[in-house]
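Report on the following structure.
When a ligand or atom number is given, it counts from 1 through the structure's own listing order.
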Amino acid sequence: MEIYKNLKPDYQSQMDGTLISFEGIDFCGKSIQIEQLIAKLTAKNISYLLVREPGGTTIAEKIRETLLTKAQENVNPITEYLLFSAARAQLVEQKIIPALQDGNVVICDRYYDSSTAYQGHGRGIDLEIIRQINYFATKGITPHLTFLIDIDLEEMERRKMLIRRELDRMESQQRPFFEKVRLGFLQIAQQESERFCIIDGSKSIETIAIEIWQRFLKLMNKKNILT
Ligand code: TYD
């Protein structure tokens with residue numbers, strides 16, 4: 001890829017850190033699982049950085065507000081995608097790369113796969129353009145491991161009903177949109193099966209947490225970080 005002409009293919013491998021991302025449709029239960037993983041990292045004295053997308057820097061948090069507030073006007077899907085990407089570019093440069101260079105475990109609550117699923121599969125933006133811009137925004141920084149927490153649409157609707165607060169702009173999208181997003185995630189995970197670990201999000205919180213921790217340890221052992 002010619003977008004970063006001076007970027008060497010082994011750019012990321014010069015960084016000691018480990019990048020883990022969590023993905024899935026809204027209400028899949030990512031947040032609670034991230035909390036569980038972080039509790040275990042803390043107990044083991046493993047240094048980590050947690051970032052959420054969109055957000056994580058002053059500029060990116062402003063973009064987040066723009067993206068999630070219910071808008072007065074229709075948001076053009078291209079505008080939406082470029083804003084998610086702009087927030088991501090800022091986060092990668094300002095937070096993710098320095099943390100990886102310092103050898104930390106970086107946990108991303110969503111990363112570029114969300115754009116592929118939501119803006120690519122969900123909104124219908126050309127997947128090849130998405131691939132290129134995702135690369136451009138992240139300098140090709142790729143997760144070592146991605147947990148996809150998968151729930152079906154019935155489960156999503158059930159959980160949505162239990163929410164007491166007002167839904168944000170993305171959460172308020174209609175069911176057919178989320179159907180496409182879910183299938184999009186599953187397709188991405190199938191295409192990159194080495195990187196992905198698909199988790200059945202209908203299982204209990206404790207069962208999922210154990211599954212995630214075991215998969216995480218396997219990765220760390222492979223990287224000779226924990227034995
Ligand atoms: P958030 O409140 O953080 O939701 P969640 O807890 O489910 O992560 O809002 C992020 C929303 O933005 C969520 O609906 C997914 C959507 N999103 C995209 O559409 N594209 C993206 O690239 C990212 C990062 C998020």
Donor-acceptor under 3.5 Å (Asp102 side chain, Asn104 main chain): no

Qualifying side-chain hydrogen bond (donor to acceptor under 3.5 Å, both in side chains) pairs with a residue from residues 172-184, counting only residues at least two apart or across chains: Arg123-Gln173, Asp150-Arg182, Glu154-Arg175, Arg175-Glu179

Name each donor-acceptor pair under 3.5 Å that joins a side chain in residues 94-101 to protein atoms two or more places apart or in another chain, with its distance.
| residue | atom | partner | partner atom | Å |
| --- | --- | --- | --- | --- |
| Gln94 | OE1 | Gln90 | NE2 | 2.6 |
| Lys95 | NZ | Gly56 | O | 2.7 |

Output, or 'none' if empty, a list of ligand 1-protein atom pairs in which both atoms are N or O and the distance is under 3.5 Å, rounded to 0.1 Å.
| residue | atom | partner | partner atom | Å |
| --- | --- | --- | --- | --- |
| ligand 1 | 2 (O) | Arg64 | NH2 | 3.1 |
| ligand 1 | 3 (O) | Arg64 | NH1 | 3.3 |
| ligand 1 | 3 (O) | Arg64 | NH2 | 3.2 |
| ligand 1 | 7 (O) | Arg110 | NH2 | 2.9 |
| ligand 1 | 8 (O) | Lys30 | NZ | 2.7 |
| ligand 1 | 8 (O) | Arg110 | NE | 2.7 |
| ligand 1 | 14 (O) | Asp26 | OD1 | 3.0 |
| ligand 1 | 14 (O) | Asp26 | OD2 | 2.8 |
| ligand 1 | 19 (O) | Gln119 | NE2 | 2.9 |
| ligand 1 | 20 (N) | Gln119 | OE1 | 2.7 |
| ligand 1 | 22 (O) | Arg88 | NH2 | 2.8 |
| ligand 1 | 22 (O) | Ser115 | N | 3.3 |
| ligand 1 | 22 (O) | Ser115 | OG | 2.6 |

Sequence neighbours excluded, every pair satisfying ring-ring contact (aromatic ring centres under 6.0 Å, His included) that has a member inside residues 22-57: Phe22-Phe147

Glu80 side-chain N/O to Leu67 backbone N/O, donor-acceptor pair under 3.5 Å: no

Main-chain N/O of Gly24 paired with Arg110 side-chain donor or acceptor, under 3.5 Å: yes

